[in-house]
2 protein chains.
Amino acid sequence: MKPARTPDQQRPMRADARRNYDRLVATARVAFQEQGADASLDDIAKRAGVGSGTLYRHFPHRDALLAAVIGDSIDALHARSRELLATDDPAAALEAWMRATITHAGTYRGLAATLMSSMYDEGSPLHSSCKRAHAAGAELLKRAQESDRVRPEVDAADLFRLITAVAWAAEQSPESEDTAERLLPLVFDGLRTTGTARQARQAKPAPQD
Amino acid sequence: MKPARTPDQQRPMRADARRNYDRLVATARVAFQEQGADASLDDIAKRAGVGSGTLYRHFPHRDALLAAVIGDSIDALHARSRELLATDDPAAALEAWMRATITHAGTYRGLAATLMSSMYDEGSPLHSSCKRAHAAGAELLKRAQESDRVRPEVDAADLFRLITAVAWAAEQSPESEDTAERLLPLVFDGLRTTGTARQARQAKPAPQD
DNA sequence: ACCTGAACACCGTTCAAGT
DNA sequence: ACCTGAACACCGTTCAAGT
């Protein structure tokens with residue numbers, strides 16, 4: 001079992017506390033995979049062999065447990081966005097980031113909904129993760145817009161909403177597994193400047209690039 | 001209070017049963033408005049002055065109560081789709097139908113999610129409503145595709161998913177009320193044939209219109 | 001034929017009692 | 001300092017007892 005991440009700014013935990021923390025995170029990961037992000041917390045505590053009070057001591061809200069479980073994945077997503085910012089094609093980079101984010105938001109059933117509401121809930125432990133993803137998307141979006149490949153009126157908040165909505169639609173469509181792969185190109189094309197509009201802009205006296 | 005719809009194929013109900021039925025629907029409508037589509041059924045029964053068993057007798061599942069509440073609205077939406085099929089501009093008709101459907105799916109918080117899952121649950125009393133909406137969308141989509149305004153590879157199932165996803169995203173974004181109005185044009189543009197692609201097709205030897 | 005409300009299983013959350 | 005598990009409030013659902 002790989003070591004679970006330690007909660008922030010913490011002096012060493014007592015051995016039994018540490019063990020319970022790790023067990024809870026590992027058990028929760030399995031439970032979320034099996035039953036979705038709204039799996040029973042009581043059941044997770046039982047399966048981890050821990051009193052329910054112990055779960056709430058370490059993770060006061062469901063979001064805190066979820067944050068501990070997906071923390072590594074959020075970090076990886078953020079690293080990927082840094083890579084994509086350094087690639088050549090701004091539009092392709094944005095689309096690749098959208099695809100990666102949709103995949104991430106589809107890790108567990110119900111995760112997309114949690115991420116969406118965390119975006120607007122400053123108290124949630126997932127809020128900072130959402131804002132980081134939001135900020136990464138904003139950078140990639142800005143670059144694509146400056147190179148005149150994406151409509152200037154689209155903002156990062158709507159980009160985040162669209163991504164989360166596609167992830168949500170995909171997780172709600174059990175019978176067709178590749179829903180996200182089909183919807184993403186459609187949605188991405190809606191963001192792009194239309195051929196004629198882009199041509200008109202580029203035909204203007206002062207060329208931008 | 002306007003008369004609630006009677007359940008299908010039913011001989012006259014006993015007077016007290018009829019009264020309870022109507023009260024439950026009226027109370028549920030208010031509760032759904034106030035607290036969303038997942039309002040407490042127990043609370044609805046209490047507020048309607050009725051035992052909880054009576055609620056379950058009339059409406060065995062939450063979806064049955066929801067279906068009774070939104071039945072008229074579903075009918076109106078269907079009538080609107082018939083009108084739109086008779087208009088001149090197939091693309092504008094499709095977009096107008098999408099807008100109307102998104103608005104309808106946003107009537108109560110949580111309704112979009114219910115409609116989405118009802119689409120894939122044949123046992124739900126909302127299933128037939130969803131299929132009707134699905135079929136109406138398919139007709140409008142087909143017409144738009146035949147007039148070469150919408151990509152031929154889009155199917156009605158994905159159209160339904162996109163619409164529901166936009167409605168869901170809008171209801172999850174409390175602070176900005178016009179989310180749906182901003183996202184719809186973006187999504188709709190993703191469905192359209194691009195200017196250049198359409199021009200290429202229309203430049204072919206055999207003109208379509 | 002229909003209604004009532006107690007009963008059951010489940011859930012999230014708290015907290016007094018333990019070590 | 002941390003853990004345990006009983007306790008509480010809530011929910012959906014069922015069903016025996018009533019009229």
Side-chain angles (χ1 to χ4, degrees), chain A residues 4 6-7 9-25 27-28 31-32 34-69 109-110 113-114 117 121 123-126, chain B residues 4 6-7 9-25 27-28 31-32 34-69 109-110 113-114 117 121 123-126:
Chain A
T6 316
Q9 90 293 358
Q10 210 84 347
R11 44 229 124 275
M13 299 169 76
R14 226 170 63 176
D16 55 345
R18 172 84 240 176
R19 188 159 27 89
N20 285 338
Y21 181 96
D22 291 347
R23 276 187 189 167
L24 282 166
V25 173
T27 307
F32 291 154
E34 290 174 358
Q35 312 170 31
D38 55 349
S40 159
L41 295 181
D42 203 53
D43 184 57
I44 289 171
K46 274 204 187 69
R47 284 213 256 169
V50 148
S52 54
T54 301
L55 188 152
Y56 285 94
R57 161 176 282 270
H58 288 297
F59 310 100
H61 310 290
R62 177 185 296 274
D63 284 4
L65 183 53
L66 211 41
V69 168
R109 200 163 13 96
T114 305
S117 69
D121 175 12
S124 167
L126 288 167
Chain B
T6 315
Q9 91 291 359
Q10 210 82 350
R11 43 228 125 273
M13 299 168 77
R14 226 169 64 176
D16 54 346
R18 173 85 239 176
R19 188 159 26 88
N20 285 338
Y21 182 96
D22 290 348
R23 276 186 188 167
L24 282 166
V25 173
T27 306
F32 291 154
E34 289 173 358
Q35 312 170 30
D38 55 351
S40 160
L41 295 180
D42 202 53
D43 185 58
I44 289 172
K46 274 204 186 67
R47 285 214 257 169
V50 147
S52 53
T54 301
L55 188 152
Y56 285 94
R57 160 175 283 270
H58 288 298
F59 309 101
H61 310 291
R62 177 184 296 274
D63 284 5
L65 183 53
L66 210 41
V69 168
R109 199 163 14 95
T114 304
S117 70
D121 175 12
S124 168
L126 287 167

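Per chain, numbering begins at 1; letters A, B, ... match sequence-line order.
With B:R62 contributing its side chain and B:A39 its backbone, the two residues share a donor-acceptor pair below 3.5 Å. In this structure, B:R57 contributes its side chain and B:A17 its backbone to no donor-acceptor pair below 3.5 Å.
Residue-level contact check: A:H58 touches the backbone only, with heavy atoms under 4.0 Å from sugar-phosphate atoms and none from bases.
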Inset, instruction - Evaluate the side chain to side chain donor-acceptor pair (under 3.5 Å) criterion for residues B:T54 and B:N20: first the C-alpha distance (whole Å), next the side-chain angles of each, then the deciding distance (0.1 Å), finally the verdict. - result: CA-CA 8 Å; B:T54 301; B:N20 285 338; 5.0 Å; no

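In the 5' to 3' direction, nucleotides of DNA chain C lying under 4.0 Å from heavy atoms of chain B begin and end at C:dA1 to C:dA6.
Atoms CG and OG1, on B:D121 and B:T114 in that order, are 11.0 Å from each other to the nearest 0.5 Å. How far CZ of A:R23 is from CZ of A:R47: 14.5 Å, rounded to the nearest 0.5 Å. A:S124 contributes atom OG, which lies 8.5 Å from atom NE2 of A:H61 (distance to the nearest 0.5 angstrom).
For the strand DNA chain D, secondary-structure stems (runs of at least three Watson-Crick or G-U pairs, all distances below 3.5 Å) span C:4-8 with D:12-16, C:12-16 with D:4-8.
With the nearest nucleotide of DNA chain C identified for both B:R57 and A:R14, B:R57 has the one nearer the 5' end. In this structure, A:D43 and A:T54 both approach DNA chain C, and ranking their closest nucleotides by distance from the 5' end singles out A:D43.
Aromatic ring pairs are classed by plane angle as parallel below 30°, tilted from 30° to 60° and perpendicular above 60°; the pair A:H58 and A:Y21 is perpendicular.
Remark: of the listed residues A:L65, A:V50, A:V25, A:L65 is the sole one forming a side-chain contact (heavy atoms from CB on, under 4.5 Å) with A:I44.
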